[in-house]
Peer 1: 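Here's a structure for you.
Note that ligands are numbered from 1 as they come in the structure, with each ligand's atoms numbered from 1 the same way.
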Amino acid sequence: MQRYYQPDIETASREEIVKIQNEKIVKQVRHVYDNVEYYRNLMDKKGVKPEDIKGIEDIHKLPFLKKDDLRECYPYGLLATDLKNCVRIQSTSGTTGKRVVAFYTQHDVDLWEECCARAIVAAGGSDEDVVQVAYGYGLFTGGAGLHGGAHKVGAMTLPMSSGNTERQIQFMMDLQSTILCCTPSYAAFIAESLKDRGYKPEDNKLKAGIFGAEPWTEEMRQAIEEGLGIKAYDIYGLTETSGPGVAFECSEQKGMHINEDHFYAEIIDPDTGEVLPEGEKGELVFTALDKEAFPLLRYRTRDICILTRGKCSCGRTHVKMCKPMGRSDDMLIIRGVNVFPSQIETVLLNEGYTPNYMIYVDRKNNTDTLDIDVELSVDQFSDNIADLQEREKKLAAAMRTMLGIGPKIHLVPPKTIQRSEGKAVRVVDNRKLHD
Ligand code: DLL
């Protein structure tokens with residue numbers, strides 16, 4: 001079986017990778033400086049010239065780019081090539097403010113799809129597979145990226161897009177899909193829908209899933225793997241860097257290899273901008289080393305993460321990133337305590353609940369409140385009030401141990417919490433209404 005899509009690159013020695021990065025960064029900085037006035041001004045302001053960047057170790061001299069810069073430059077301000085050379089536009093799924101519009105030349109589409117192909121092969125995919133792409137198609141990068149990757153691998157591609165779960169299941173069974181690509185929350189919903197229709201995990205032909213675009217916990221991975229009878233692999237990316245495939249999980253299922261020949265990763269202290277050493281937690285920053293149309297240098301993702309360089313049993317040599325621990329702006333500060341929604345998901349799944357929940361934060365009498373609606377499974381549902389109250393109390397205590405603050409738990413009947421077909425929205429913070 002094919003183990004790597006591009007073995008020479010994926011298993012290159014550290015020296016070879018650094019050599020590639022050294023060559024690419026010098027060219028890329030020159031390209032951006034010459035073609036993007038906005039970034040040239042940022043460099044001039046910092047007193048850095050392209051000739052100061054002699055290799056990848058000089059990257060820290062460059063200024064950062066932030067989401068606000070992208071908004072300010074909307075739509076063409078960061079374009080580094082003639083629009084005529086671009087063949088594609090994709091955009092973020094954001095609902096507030098101006099969307100980020102990313103441009104691609106054919107070269108950019110090819111390198112993006114190759115990254116996705118690497119992810120599919122790492123998940124055991126080949127030209128023998130039927131890849132069901134149930135990420136959204138359209139401006140969102142999920143559908144287009146995995147679709148292009150599956151083509152490159154030579155797999156049979158089912159371009160389902162997200163939603164219409166009935167049809168997803170029909171095609172999955174009739175056309176014997178072997179790899180499912182969608183958000184983890186949608187994968188959990190598909191697993192639940194299969195069960196509701198009387199299917200057992202062994203009834204489908206799926207062997208693997210490639211899930212990403214939103215944070216998900218190890219407990220969620222386990223639930224999906226059991227529900228679908230597959231191995232569930234993580235995939236990471238963002239529109240600003242091209243889309244899915246910036247990093248992907250291998251057979252070890254412990255962290256995602258970053259495609260370092262195309263994307264250089266740094267971890268910084270989000271408050272000071274200082275670059276942190278390997279193994280420390282901070283904000284993930286990416287530099288696109290060879291994209292032509294929309295080559296962001298030192299882009300601050302706001303994703304909180306750790307990088308590690310240990311030896312991997314899969315043979316890949318590229319640096320690994322851990323599962324992002326939520327975005328820095330996803331973190332809730334409740335009564336002064338930092339709470340990540342992923343911590344809540346971990347407790348729920350460990351306590352035997354479904355991944356169907358909603359988190360409500362509010363402020364009453366100047367005090368923050370945290371309420372969590374938790375959906376009961378059919379087996380857990382009961383009309384015995386004392387029994388339900390006992391459950392709520394036990395769950396609230398488990399939450400307090402994990403979070404350091406106690407939420408109010410509301411157990412709700414089966415199938416009452418809205419399911420997600422794309423990125424799940426599980427937090428409603430009403431405090432903003434009062435500010
Ligand atoms: O979500 C690209 C993508 C599509 C990735 C399909 C994976 C699969 P955006 O809509 O621009 O792009 O959102 C990017 O989503 O900064 C992270 O906060 C989050 N994210 C993406 N992948 C993961 C993941 C796509 N595997 C933002 N785990 C990123 C946790 C993820 N968060």
Peer 1: Tell me whether Lys66 is salt-bridged to Asp69, with the criterion being a basic N under 4.0 Å from an acidic carboxylate O.
Peer 2: no
Peer 1: Is the closest N or O pair between Thr92 and ligand 1 shorter than 3.5 Å?
Peer 2: no
Peer 1: Test of understanding: with side chain to side chain contact (heavy atoms under 4.5 Å, CB included), list the residues that count as partners of Lys195, not counting sequence neighbours.
Peer 2: none
Peer 1: Quick check: Glu214 and ligand 1, any N/O pair under 3.5 Å apart?
Peer 2: yes
Peer 1: Is any NZ, NE, NH1 or NH2 atom of the basic residue among Arg431 and Asp429 found under 4.0 Å from an Asp or Glu carboxylate oxygen of the other?
Peer 2: yes
Peer 1: Just let me know how Leu238 lines up against ligand 1, side chain, backbone, both or neither, with a heavy-atom cut-off below 4.0 Å.
Peer 2: both
Peer 1: Are Arg302 and ligand 1 in contact, using a heavy-atom cut-off of under 4.0 Å?
Peer 2: no
Peer 1: For atom 6 (C) of ligand 1, state which one of Phe248, Phe286, Tyr135 supplies the nearest heavy atom.
Peer 2: Tyr135
Peer 1: For ligand 1, is there an N or O atom under 3.5 Å from any N or O atom of Gly212?
Peer 2: no
Peer 1: What part of Ala213, side chain, backbone, both or neither, has a heavy atom within less than 4.0 angstrom of ligand 1?
Peer 2: both
Peer 1: For ligand 1, find out whether one of its N or O atoms is nearer than 3.5 Å to an N or O atom of Leu146.
Peer 2: no
Peer 1: Check ligand 1 against Phe140 and write out every atom of the ligand that is under 4.0 Å from a heavy-atom position of the residue.
Peer 2: 1 (O), 4 (C), 10 (O), 25 (C)
Peer 1: Strictly below 4.0 Å, N to O, side chains only: are Asp108 and Arg88 in salt-bridge contact?
Peer 2: no
Peer 1: Less than 4.0 Å between a side-chain N and a carboxylate O, is that true for Asp290 and Lys27?
Peer 2: no
Peer 1: Can you name the salt bridge (Lys or Arg N to Asp or Glu O under 4.0 Å) partners of Glu278, sequence neighbours left out?
Peer 2: none
Peer 1: Hey, does the side chain of Gln28 reach the backbone of Ala288 with a donor-acceptor pair shorter than 3.5 angstrom?
Peer 2: yes
Peer 1: Does ligand 1 come near enough to Asp303 that some N or O of the ligand is less than 3.5 Å from an N or O of the residue?
Peer 2: yes
Peer 1: Less than 3.5 Å between some nitrogen or oxygen of Thr301 and one of ligand 1, yes or no?
Peer 2: no
Peer 1: Could you tell me whether the side chains of Glu375 and Thr354 share a donor-acceptor contact shorter than 3.5 Å?
Peer 2: no
Peer 1: Counting each atom of ligand 1 from 1 as listed, which ones have a heavy atom of Asp234 under 4.0 Å away?
Peer 2: 24 (C), 26 (N)
